[in-house]
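So the structure is just underneath, and the comments pick up after that.
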Amino acid sequence: MIQHITIVGVGLIGGSFALALREAGHTAEIVGVGRNPQTLARAVERGIIDSWHTSIAEAVSKTDLVLLATPVGALDAVFKAMAPALGNDAIVTDAGSVKQSVINSARQWLPRLENFVPAHPIAGTEHSGVEAGFSTLFRDKRLILTPINETSPQASSVVENLWQATGAVVEHMDPAHHDAVFAATSHMPHMLAFSLVETLYRMDKESPLLHHTGGGFADYTRIASSDPVMWRDVCLNNRDALLQALEKFTAGLDTLVQAIDEKDADTLEQLFTTAKETRDSRVVPADRIKAGQQK
Ligand code: NAP
């Protein structure tokens, strides 16, 4: 029975997890941990958490389950700080967008790896912080569990049940495969959006143009409003897989540039047709990710 949950990092993901569990009728006491007493007090006010600590060790000493939902770059220090205070049966899980580096830190610091269940919710928005969380964020969205060899089936099933209670559809993946897949499908698109907006910012300084952008540009670049610290940490912690994906993208962009330069109509039309057909037939809209509804 999970009666006491600690959430380290009460932002978009940590806050939404708590709100979704409460909405599902879960009665666990939920304790928040962060660096800023004001935002933690605000989380109590919003009904996200019952109480809070700025000391991780104090917060986890009597907990049944810890969800780590800080930016990935903070997790090594978080594991180190909480490890000596964890009870023997305490389950530890995380929501980090990168899995192998988080698992490496867990291996270094956690005393009982059988209780560690790495996870990644495939849900988010461009907003962050205590005001960003909402109870339906995970509903019908995928949640990837990347258990390690040591993870016990019991711990894995406790974490799986909690995420299912939030409305998420749980899948399992190997951690290295996870990092390669999400480097291409999530991390790279964020890089392209950030880079595109930053490029237009530079062009705008030479000659104003940003005020002419329309709905398509706003749609395409929504994710460039995401938290810079979170994405800095994703780059630093999934460097190799992200660079491999970006290398393939650069090759594709080179082909496109060359076709434009050479007025190669056939290549342009073929490339755009492949992209359109792929998106139309293979890219699953977020609201169709429910089990059984995927294309
Ligand atoms: P967020 O809204 O910025 O929340 C992160 C929280 O962590 C903040 O409330 C912050 O609170 C706390 N925090 C930051 N640094 C900390 C530190 N050094 N020690 C303790 N607490 C710290 O971020 P998020 O979007 O929820 O992301 C959380 C995790 O989920 C990240 O690992 C991210 O990779 C992953 N994730 C994000 C998304 C997404 O779309 N956003 C999707 C899937 C997974 P204080 O300032 O009060 O410390």
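One is the number of the first residue; the rest follow in order along the sequence. Indexing begins at 1, ligand by ligand and atom by atom, following the structure's order.
Of all atoms in ligand 1, numbered sequentially from 1 with element shown, those under 4.0 Å from a heavy atom of Thr39 are 47 (O). For ligand 1 and Ala69, the ligand atoms under 4.0 Å from any heavy atom of the residue are 5 (C), 6 (C), 7 (O), 28 (C), 29 (C). In summary, the atoms of ligand 1 found under 4.0 Å from a heavy atom of Gly96, numbered by their order in the structure, are 32 (O). Atoms of ligand 1 lying under 4.0 Å from at least one heavy atom of Gly9, given by number and element, are 6 (C), 7 (O), 12 (C). The atoms of ligand 1 that sit less than 4.0 Å from any heavy atom of Val72 are 32 (O), 34 (O). Ligand-side atoms of ligand 1 in range of His120: 43 (C), 44 (C), range being under 4.0 angstrom from any heavy atom. In the vicinity of Ser128, heavy-atom distances shorter than 4.0 Å reach the ligand 1 atoms 1 (P), 2 (O), 3 (O). Close approach of ligand 1 to Ala74 (heavy-atom distance below 4.0 Å) involves ligand atoms 17 (C), 18 (N).
At a 4.0 Å heavy-atom cut-off, ligand 1 touches Val10 through the backbone alone. With a heavy-atom cut-off of 4.0 Å, His127 does not touch ligand 1 at all.
At under 3.5 Å, a nitrogen or oxygen of Ile13, whether backbone or side chain, sits near a nitrogen or oxygen of ligand 1.
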Next item on the list: Begin with the C-alpha distance, continue with both residues' side-chain angles, and end with the deciding distance and a verdict on ring pair (Phe, Tyr, Trp, His ring centres under 6.0 Å) for Phe182 and His120.
Entry: CA-CA 10 Å; Phe182 288 96; His120 176 205; 5.4 Å; yes
Check: Does the pair Arg107 and Glu150 meet the rule for a salt bridge (charged side-chain N to carboxylate O under 4.0 Å, His left out), with working shown?
Finding: CA-CA 10 Å; Arg107 284 195 189 287; Glu150 295 89 337; 2.6 Å; yes
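Protein heavy atoms come within 4.0 Å of atom 3 (O) of ligand 1.
When the options Val229, Thr70, Leu67 are ranked by their closest heavy atom to atom 22 (C) of ligand 1, first place goes to Thr70.
Looking at Arg282 and Glu277, no side-chain N of the basic residue comes within less than 4.0 Å of a carboxylate O on the acidic one, giving no salt bridge. The residues Glu198 and Arg202 are annotated as salt-bridged, a charged nitrogen and a carboxylate oxygen being separated by less than 4.0 angstrom. For the pair Arg22 and Asp50, the salt-bridge criterion is met [side-chain N within less than 4.0 Å of a carboxylate O].
Counted within 6.0 Å of NE2 on His177, heavy atoms from surrounding residues, nucleotides or ligands total 12 or fewer; the atom is thus considered open. No more than 12 heavy-atom neighbours from other residues, nucleotides or ligands sit within 6.0 angstrom of CD on Glu269.
Within the structure, the closest approach of Pro121 to ligand 1 falls below 4.0 Å when heavy atoms are considered. Ligand 1 does not have Ser226 within reach: every non-hydrogen atom of the residue lies 4.0 Å or more from it.
Under the 3.5 Å distance criterion, the side-chain polar atoms of Asp233 are matched with a main-chain donor or acceptor of Gly73.
Within the model, atoms CD1 of Ile30 and CZ of Phe17 stand 7.5 Å from one another, a figure rounded to the nearest 0.5 Å.
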